Trainee: 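This is the structure I want to talk about, given as C-alpha cells.
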Amino acid sequence: MARDYKREYELFQGKPEQIKNRAERVKARRMMEKVGAAKKGDGKDVDHIRPLKSGGTSARSNLRMRRKSANRSDKS
C-alpha cells in the first residue's frame, strides 16, 4: 500500500511542535557542517545524544556524528 504523504503531513509532520523539531534538526546539521564534522553526501547522520523528544537541544555538546545505519537502528 502506498503512503499517503499528504495525510501524514496533516496528522503529524505539519504540527507546530514537529515543525520546530525539524528546524532544530536542520540547524544541528548545518552547525556540524560549519565546524567540519559533516559533509554533504558523507553517509552520516547528526545524532542528538539526548533526543529532542526527550528535551534535548541542538547544542554542540549534545551532538555527534554517526553512521546512518547505527543512528536509525536505535530504539525510538
Side-chain angles (χ1 to χ4, degrees):
M1 185 173 186
R3 283 172 67 176
D4 186 352
Y5 291 98
K6 183 176 181 180
R7 185 168 190 274
E8 192 174 308
Y9 186 83
E10 289 170 357
L11 295 179
F12 183 74
Q13 296 173 10
K15 302 291 183 198
E17 181 181 356
Q18 295 309 318
I19 293 170
K20 181 178 175 248
N21 286 342
R22 184 171 60 245
E24 283 293 315
R25 289 186 199 99
V26 170
K27 177 180 161 185
R29 178 75 188 187
R30 298 296 173 254
M31 183 189 326
M32 294 299 267
E33 288 174 352
K34 189 173 184 179
V35 299
K39 291 186 294 187
K40 186 175 182 179
D42 62 2
K44 306 266 183 160
D45 276 350
V46 174
D47 177 37
H48 288 80
I49 298 167
R50 182 174 180 191
L52 294 175
K53 67 182 179 183
S54 299
T57 65
S58 287
R60 177 65 180 100
S61 60
N62 190 44
L63 301 175
R64 64 182 170 188
M65 296 303 299
R66 293 182 74 193
R67 292 185 337 266
K68 282 185 179 183
S69 59
N71 192 43
R72 296 177 188 187
S73 69
D74 286 344
K75 200 171 193 176
S76 296

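Basis for what follows: all heavy atoms, side chains included, without hydrogens, waters or symmetry-related copies. Since the structure is predicted, the reported quantities are computational estimates derived from the model, not experimental observations.
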Trainee: Can you sort out the partners of Lys6 under side chain to side chain contact (heavy atoms under 4.5 Å, CB included), two or more places apart, ordered by chain and number?
Mentor: Asp4, Glu10
Trainee: How would you list, by chain and number, every residue that makes a side chain to side chain contact (heavy atoms under 4.5 Å, CB included) with Leu11, sequence neighbours excluded?
Mentor: Arg7
Trainee: Below 3.5 Å, can you tabulate the donor-acceptor pairs from side chains in residues 55-70 to any protein atom, sequence neighbours excluded?
Mentor:
from, atom 1, to, atom 2, distance (Å)
Thr57, OG1, Ala59, N, 3.3
Ser58, OG, Glu24, O, 3.1
Ser58, OG, Glu24, OE1, 3.0
Ser58, OG, His48, NE2, 3.1
Arg60, NH1, Leu63, O, 3.4
Asn62, OD1, Arg50, N, 2.8
Asn62, ND2, Arg50, O, 3.0
Asn62, ND2, Thr57, O, 2.8
Arg64, NE, Asp47, OD2, 2.5
Arg64, NH2, Asp47, OD2, 2.8
Arg66, NH1, Asp74, OD2, 2.5

Trainee: Could you list the residues that satisfy salt bridge (charged side-chain N to carboxylate O under 4.0 Å, His left out) with Arg22, not counting sequence neighbours?
Mentor: none
Trainee: Tell me, please, which residues at least two apart from Arg72 pass salt bridge (charged side-chain N to carboxylate O under 4.0 Å, His left out).
Mentor: Asp45
Trainee: Does anything in residues 28-38 pair up under salt bridge (Lys or Arg N to Asp or Glu O under 4.0 Å), and if so which pairs, sequence neighbours excluded?
Mentor: Arg29-Glu33, Arg29-Asp42, Arg30-Glu33
